[in-house]
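What follows is a short report on a single structure.
When reading the values below, keep in mind they use all heavy atoms of this one structure, side chains included, and skip hydrogens, waters and symmetry mates.
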Amino acid sequence: MSADSTFVQQLREATDRYLRAVDAWESEYAKYYRLPVPGQVSPDLASFHEIYLNARKELQRLLPEAIRLCRRFGFRDVWQAILRVELGAGTPQSGGGGGAIGRGERREIEKCLDQLEEVVSPSSAHLKTAPPDSTTRRRGLLGWIQEQLF
């Protein structure tokens with residue numbers, strides 16, 4: 001197992017712990033009527049907040065290497081946004097606010113992790129290439145049409 005594949009496995013585990021900590025915090029927060037008070041954590045949330053902070057710290061430690069790998073293989077950087085969550089920003093009764101980390105963001109994180117696992121796995125060693133040159137990469141609908149025609 002290469003160093004990169006070991007790292008990606010650690011990154012996936014840390015990301016899962018972080019997302020579970022955010023979900024647990026929000027679930028506990030939603031149990032009672034609360035007024036949003038930024039910067040303060042009520043005593044009933046203290047243990048959940050501690051777990052969240054530890055998971056966040058662990059993930060934050062891994063992010064520079066994750067960003068480097070994404071750049072190396074030309075993947076979208078989804079990692080900076082994951083730490084910019086605001087827990088307890090609204091009241092549970094307001095409804096419709098969704099989670100601190102939405103489904104779309106979670107899908108992008110999962111997609112990035114899957115891509116990283118694929119390129120660093122030992123079985124794909126022969127597939128590893130540099131990211132495509134930006135002059136040859138076509139984007140959007142127009143790029144797709146041009147690729148189909150030419």
From [X] atom [atom1] to [Y] atom [atom2], the distance as rounded to the nearest 0.5 Å:
X: Leu113; Y: Cys70; atom1: CG; atom2: SG; answer: 8.5 Å
X: Ser5; Y: Glu118; atom1: OG; atom2: CD; answer: 13.5 Å
X: Leu116; Y: Ser121; atom1: CG; atom2: OG; answer: 11.0 Å

_Residues forming a salt bridge (charged side-chain N to carboxylate O under 4.0 Å, His left out) with Asp16, sequence neighbours excluded_ =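 For Asp16, no residue satisfies salt bridge (charged side-chain N to carboxylate O under 4.0 Å, His left out) once neighbours in sequence are set aside.
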*Residues that Arg68 engages under salt bridge (charged side-chain N to carboxylate O under 4.0 Å, His left out), provided they are two or more places apart*: Asp4, Glu65
With side chains defined as the heavy atoms from C-beta onward, is the minimum distance between [X] and [Y] less than 4.5 Å?
X: Leu83; Y: Tyr18; value: yes
X: Leu59; Y: Leu11; value: yes
X: Ile82; Y: Thr15; value: yes

Contacts of type side chain to side chain contact (heavy atoms under 4.5 Å, CB included), residue [X], not counting sequence neighbours:
X: Phe48; value: Ala24, Trp25, Glu28
X: Glu50; value: Asn54
X: Leu53; value: His49

Applying side-chain hydrogen bond (donor to acceptor under 3.5 Å, both in side chains), name anything that partners [X], two or more places apart in sequence or on another chain.
X: Glu58; answer: Arg17
X: Tyr52; answer: Arg56
X: Arg12; answer: Glu110, Asp114, Glu117

*What are the two closest non-hydrogen atoms of Leu19 and Arg106, and how far apart are they?*
CB-NH1, 3.8 Å
*When hydrophobic residues are tied together by side-chain contacts of less than 4.5 Å, even through go-betweens, does Val85 share a cluster with Ile51?*
no
For residues 73-81, please give each side-chain donor-acceptor pair under 3.5 Å, one per line with the distance, not counting sequence neighbours.
from, atom 1, to, atom 2, distance (Å)
Arg76, NH1, Glu108, OE1, 3.0
Asp77, OD1, Trp79, N, 3.0

